[in-house]
Amino acid sequence: MLNIAIDGPAGAGKSTIAKLLAKKYDITYLDTGAMYRGAAYHCILNGVSPNDTNGVERLLPNLDMDVVYEDGVQRVFVSKKDVTPYLRSLDMSIAASDVSKIPSVRVKLVEIQREIAYKRDCVLDGRDIGSYVLPEASIKFYLTAREKTRARRRYLEFLEKNVETTEEKVLRDMQARDKQDTTRDFAPLKVMPDAIVIDSTDLTIEDVIEIMSERIDAVISC
Ligand code: DC
């Protein structure tokens, strides 16, 4: 089984790279962040703040989440409804980070993630893939970039989607989220000793793919 783990902070390019690797190696791309976003969406829809641990825990047994693949593209269903189009907003990013601090939420979502990863070759991106979801992953990458570069990339993505925001707001939200994701008690984002660290600040997407592919090919040929 081939499991490629890509962890790193927001805006490092994890999902762009993971999608391209999935295509290149003809394997599944599991976007675990979308699952935390789906959990946050479920809370908000039910009038519960993603920060309200007791409220979220009460709601958790009713969280019915399915991750399905349509033409190779991941869709997240909550209560049988495809919520994928609602998950990428700035507000939902922060809400996902909030809800992801709650251990019982993580346990529930990690179970689904492992179920998928144990059954098929895949590349997974997130914050705790190499440290907690799949400590035995075939290969682990930690993808990062300078903070301002990451914020700029995210801002340009929002501009492209005609979302009104400012680069300063994107940077502030990103800093808050990174702080929360790296300092939470349960399965925080961290660099694992066996992870290959790639700083993409001065690299193109193609450069990153080339560096990762060399390492992945070496693992495959072993
Ligand atoms: O990767 P993303 O930006 O879609 O993730 C949204 C939030 O979900 C992120 O700020 C923290 C949380 N998350 C997590 O805690 N663990 C993961 N494996 C993936 C995401």
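The CD1 atom of I116 sits 5.5 Å away from the CE atom of M35 when rounded to the nearest 0.5 Å. Here S213 contributes atom OG and I211 contributes atom CD1; the two are 10.0 Å apart, rounded to the nearest 0.5 Å. One finds the OG1 atom of T166 at 9.5 Å from the CG atom of L171 (value rounded to the nearest 0.5 Å). Here CD1 of I129 is found 12.5 Å from CD1 of I4. Values are rounded to the nearest 0.5 Å. Between the OG1 atom in T16 and the CG atom in L21 there is a gap of 11.0 Å [rounded to 0.5 Å]. How far CD of Q74 is from OG1 of T84: 7.5 Å, rounded to the nearest 0.5 Å.
R120 has its side chain out of reach of I27: every pair of non-hydrogen atoms, C-beta onward, lies at least 4.5 Å apart. Between Y25 and V123 the shortest side-chain heavy-atom distance does not fall below 4.5 Å. Using a 4.5 Å cut-off on side-chain heavy atoms (C-beta onward), I44 and M92 make contact. R184 places a side-chain heavy atom less than 4.5 Å from the side chain of R127.
Other residues, nucleotides and ligands contribute more than 12 heavy atoms inside 6.0 Å of the CG atom of D194. Counting non-hydrogen atoms of other residues, nucleotides and ligands closer than 6.0 Å to CD of Q175 gives a total above 12. At most 12 heavy atoms of other shown residues, nucleotides or ligands fall within 6.0 angstrom of atom CZ in R215. Within a 6.0 Å radius of CG in N62, other residues, nucleotides and ligands contribute more than 12 heavy atoms. Counting non-hydrogen atoms of other residues, nucleotides and ligands closer than 6.0 Å to NZ of K81 gives a total above 12. Counting heavy-atom neighbours within 6.0 Å of K23 NZ, excluding the residue itself, gives a total of 12 or less.
Nearest heavy atoms, I216 versus I139: N-CD1, 4.0 Å. Considering all non-hydrogen atoms of both residues, T165 and Y155 come closest at O-CE1, 3.6 Å. Nearest heavy atom pair, residue D82 against residue R75, reads OD2-NE, 2.9 Å. Contact between V48 and G55 at its shortest, heavy atoms only, is CG1-C, 3.6 Å. Counting all heavy atoms, side chain and backbone alike, K14 lies closest to P9 at NZ-O, 2.8 Å. Taking all atoms of both residues into account, the shortest heavy-atom contact from A117 to L124 is CB-CD2, 4.3 Å.
When atom types are taken as modelled, the side chain of T144 and the backbone of D199 share no donor-acceptor pair closer than 3.5 angstrom. Within the 3.5 Å criterion, the main-chain N or O of M192 finds no donor-acceptor partner in the side chain of K140. In terms of modelled atom types and a separation under 3.5 Å, the side chain of D207 and the main chain of T204 share a donor-acceptor contact. Between the side chain of K108 and the backbone N or O of L63 there is at least one donor-acceptor pair closer than 3.5 Å. Under a 3.5 Å cut-off, the side chain of R150 and the backbone N or O of A10 do form a donor-acceptor pair. In this structure, the side chain of Y69 engages the main chain of Y29 through a donor-acceptor pair within 3.5 Å. The main-chain N or O of R146 is found under 3.5 Å from a side-chain atom of T201 such that the two form a donor-acceptor pair. The backbone N or O of I6 sits nowhere less than 3.5 Å from a side-chain atom of D125 that would complete a donor-acceptor pair. A distance-only check finds no donor-acceptor pair linking the side chain of N3 to the backbone of A137 [under 3.5 Å]. Proximity of a side-chain donor or acceptor of D71 to a complementary backbone N or O of V73 within less than 3.5 Å is not detected.
A single hydrophobic cluster is not seen to contain both L90 and L87; linkage of ILVMFWY side chains at heavy-atom distances under 4.5 Å, directly or through other members, places them apart. Under the 4.5 Å side-chain heavy-atom criterion for ILVMFWY residues, a single connected hydrophobic cluster contains both L60 and I102. Residues V219 and I198 are members of one and the same hydrophobic cluster, defined by side-chain heavy-atom contacts under 4.5 angstrom among Ile, Leu, Val, Met, Phe, Trp and Tyr. Y36 and V83 end up in the same hydrophobic cluster when Ile, Leu, Val, Met, Phe, Trp and Tyr side chains are linked at under 4.5 Å. Both F141 and I220 belong to a single network of hydrophobic side chains, linked directly or stepwise wherever heavy atoms of I, L, V, M, F, W or Y lie under 4.5 Å apart.
Applying the ring-ring contact (aromatic ring centres under 6.0 Å, His included) rule to pairs touching residues 74-133 yields Y41-Y86, Y132-F186, sequence neighbours excluded.
In summary, of the residues considered (R37, R88, R154), a side chain to side chain donor-acceptor pair (under 3.5 Å) with S93 occurs for R37 alone.
In summary, the side chains of R153 and S200 do present a donor paired with an acceptor at a separation below 3.5 Å, with no hydrogens or angles considered. Inspection of the T32 and Q113 side chains reveals no N or O donor paired with an N or O acceptor under 3.5 Å. For the residue pair S131/K190, the side-chain donor-acceptor check at 3.5 Å is not satisfied. A donor atom on one side chain and an acceptor atom on the other are not found under 3.5 Å apart for S89 and D91. Defined by atom type and a distance below 3.5 Å, a donor-acceptor pair is missing between the side-chain atoms of S97 and R177. Side-chain polar atoms of S49 and N51 form no donor-acceptor pair below 3.5 angstrom.
In this structure R106 satisfies the salt bridge (Lys or Arg N to Asp or Glu O under 4.0 Å) test together with D128, sequence neighbours excluded.
Using a cutoff of 4.0 Å between basic side-chain nitrogens and carboxylate oxygens, D31 and K19 are not scored as salt-bridged.
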Might you work through the side chain to side chain contact (heavy atoms under 4.5 Å, CB included) test for D64 and K80, ending with a clear yes or no? CA-CA 8 Å; D64 167 23; K80 311 296 171 212; 3.4 Å; yes
